[in-house]
Protein chains: 2
Amino acid sequence: MQTSETSTQQESSGACPDDDLAFDVFSRNCPSRGTLEHVTGRWGSLTVGALHDTTFRFNELRRRVDGVSEKMLSQTLHALERDGLVQREAQPTNPPRVDYELTPLGHEVAERLLDLIHFLEGRMPEVLAARERYDEMREGLGSR
Amino acid sequence: MQTSETSTQQESSGACPDDDLAFDVFSRNCPSRGTLEHVTGRWGSLTVGALHDTTFRFNELRRRVDGVSEKMLSQTLHALERDGLVQREAQPTNPPRVDYELTPLGHEVAERLLDLIHFLEGRMPEVLAARERYDEMREGLGSR
DNA sequence: CTGTATCCATTCCGATACTG
DNA sequence: CAGTATCGGAATGGATACAG
């Protein structure tokens, strides 16, 4: 089980938190880039978005985030928990019950993420129109 | 050359824009999910973020988005252009000069994205602290 | 129910070489 | 400079089986 960049990551030339000018995502090896990827990743964004409204149990979340596999949801949840955005609450009952919810920090992230998501959803007609224009123009000057 | 979901995508049961309740990213086959992934993807978010401040030429952008390969930048730019977020401006000079800039829609996306990015950058100390706590607790109850 | 472990196909993505 | 084409290794991600 690896968080995908813990092993891949190697230090190169300049780091980013070395000066007190803070964490710049544009630098290759800045840890903020990793967190950004957890949050904006394919399943991360949807998971955080879903948890903004309410807490979920594992399989509830799995149904809400349409298309995610057990493996990916588990992996995503671990990464978010490690970054302090998600809180895992396990109750030692039988059968076991585990609830996932956002931390306060997670909620602040979710707000910003949902703002982006809702904006995009609302502008999809424009996006779709742009796509058609783009695709049309391509067959016009056909290579092949 | 494929945008990675144009070929993968197959229609399954319910679509999401069938009712006029709009585009829900939580549905597996909603086109808004694809656009969200272009925008929030590993290179998409950084590309859009970089272009918010100023226009860039291809190789300038490549240097700004530290770590991106030619191939990925090209691919990312095409996807964003197709979605109507990026405008490509080619001048038929010699040597060729091509400028990339955001469309008005792209700018609105960039604002929201940068809001998220800057928020995360500012909270990295908390994230890093959470990680340490998480990692510590793990070696305590060691499997292995 | 809540996960982890394994297998395997697909995709990603960087390096390189090449075109205009 | 601004890309495209191709290749191969690495990572992603889904299905299944299994464990607590």
Side-chain angles (χ1 to χ4, degrees), chain A residues 1-10 12 28 33-34 37-38 40-47 55-81 86 88-101 138 141-144, chain B residues 1-10 12 28 33-34 37-38 40-44 46-47 55-81 86 88-101 138 141 143-144:
Chain A
M1 151 255 300
Q2 77 286 43
T3 332
S4 94
E5 93 283 25
T6 41
S7 48
T8 304
Q9 189 167 214
Q10 90 291 22
S12 27
R28 187 180 5 233
R33 190 181 278 194
E37 276 166 30
H38 295 158
T40 61
R42 184 158 180 204
W43 303 118
S45 58
L46 298 176
T47 302
T55 78
F56 276 105
R57 300 175 60 179
F58 189 83
N59 280 320
E60 288 175 340
L61 202 47
R62 192 153 142 46
R63 279 187 291 277
R64 171 70 175 141
V65 180
D66 193 20
V68 70
S69 67
E70 290 186 0
K71 180 183 169 181
M72 282 302 106
L73 181 56
S74 174
Q75 208 169 288
T76 301
L77 249 10
H78 278 307
L80 293 174
E81 188 191 354
V86 162
R88 183 178 180 278
E89 205 122 356
Q91 291 161 41
T93 61
N94 190 308
R97 178 191 178 100
V98 181
D99 288 288
Y100 291 93
E101 61 184 338
R138 292 248 127 184
L141 40 83
S143 52
R144 185 219 66 278
Chain B
M1 153 258 300
Q2 78 287 45
T3 332
S4 94
E5 94 283 29
T6 40
S7 48
T8 305
Q9 188 167 213
Q10 90 294 21
S12 27
R28 183 173 17 223
R33 191 181 277 194
E37 276 166 30
H38 295 157
T40 61
R42 185 160 179 202
W43 303 119
L46 298 176
T47 302
T55 79
F56 276 105
R57 301 173 61 176
F58 188 83
N59 280 317
E60 288 175 340
L61 201 47
R62 192 153 142 47
R63 280 186 291 275
R64 172 69 175 142
V65 180
D66 193 21
V68 70
S69 66
E70 290 185 359
K71 181 182 170 181
M72 281 302 105
L73 181 57
S74 174
Q75 207 168 289
T76 300
L77 249 10
H78 279 306
L80 293 174
E81 188 191 354
V86 161
R88 182 177 180 278
E89 206 123 354
Q91 290 161 42
T93 61
N94 190 307
R97 178 192 178 98
V98 181
D99 289 287
Y100 291 93
E101 61 184 337
R138 292 248 127 186
L141 39 84
S143 52
R144 185 218 57 266

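Quick note on labels: first sequence line is chain A, next is B, and so on, each numbered from 1. All of these numbers come straight from a predicted model, not from anything done at the bench.
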| field | Within-4.5 Å side-chain heavy-atom neighbours: A:L73 and A:L61 | value | yes

| message | Is the shortest side-chain heavy-atom distance between A:V86 and A:Y100 below 4.5 Å? | response | yes

| said: To check you understand the geometry: which heavy-atom pair defines the closest contact between A:D66 and A:W43, and what is its length? | reply: O-CZ3, 4.1 Å

| query | A:Q75 CD to D:dG13 P: how many Å, rounded? | reply | 8 Å

| query | Would you find a donor on one side and an acceptor on the other, under 3.5 Å apart, between the side chain of A:T76 and the backbone of A:M72? | reply | yes

| query | Closest approach of B:F58 and B:E70, non-hydrogen atoms and distance? | reply | CZ-O, 3.8 Å

| query | Whole-Å distance between C:dC13 P and A:R42 CZ? | reply | 12 Å

| request: Whole angstrom is fine here: how far is it from CZ in A:R28 over to P in C:dC13? | output: 15 Å

| message | Output the rounded distance in Å from CD (B:E37) to P (D:dT12). | response | 14 Å

| query | Among D:dG3, C:dT4, D:dG14, which is the nearest nucleotide to the side chain of B:V98? | reply | D:dG3

| Counting any heavy atom closer than 4.0 Å, what does A:G67 reach on the DNA or RNA strands: base, sugar-phosphate only, or nothing? | sugar-phosphate

| said: Check the phosphate of D:dG3 against B:H78, side-chain N and O only, distance under 4.0 Å to OP1 or OP2. Yes or no? | reply: no

| When rounded to the nearest 0.5 angstrom, what is the spacing between NE2 in B:H38 and CD in B:Q75? | 9.5 Å

| message | Given D:dG20, C:dC13, D:dG3, identify the nucleotide with an atom nearest to the side chain of B:M72. | response | C:dC13

| Can you tell which of C:dG14, D:dC1, C:dT2 lies closest to the side chain of A:F58? | C:dT2

| Closest-nucleotide 5' rank along DNA chain C - winner of A:R97 and B:V68 | A:R97

| said: Within this structure, what is the CD-OG1 distance for the pair B:E60 and B:T55, rounded to the nearest 0.5 Å? | reply: 7.0 Å

| said: Of the options D:dG13, D:dG3, D:dC1, whose atoms approach the side-chain atoms of B:S74 most closely? | reply: D:dG3

| field | Rounded interatomic separation in angstrom, taking CG from B:N94 and P from D:dG3 | value | 14 Å

| Separation of atom CD in A:E81 from atom P in C:dT2, rounded to whole Å | 15 Å

Polar atom pairs between nucleotides 16-18 of chain C and protein, under 3.5 Å, N or O only, would you list them?
none

| note | Quick note, A:Y100 side chain, CB onward, closest among C:dC1, D:dG14, C:dG3 is C:dG3

| task | Please report the closest heavy-atom contact between A:G44 and A:L80, naming both atoms and the distance. | result | O-CD1, 4.4 Å

| Minimum-distance nucleotide (side-chain atoms of B:W43 versus D:dC1, C:dC13, C:dC1) | C:dC13

| Side chain of A:R57: nearest nucleotide among D:dG3, C:dC13, C:dC1? | C:dC1

| field | Gap between atoms CG and P, on B:D66 and C:dC13 respectively (whole Å) | value | 16 Å

| request: Identify whether any heavy atom of B:R62 sits under 4.0 Å from a base atom; if not, whether one sits that close to sugar-phosphate; answer base, sugar-phosphate or nothing. | output: nothing

| Rounding to a whole Å, what distance do you find between A:Q91:CD and C:dG3:P? | 12 Å

| field | Listed nucleotide nearest any side-chain atom of A:R88, set C:dT4, D:dA2, C:dT2 | value | C:dT2

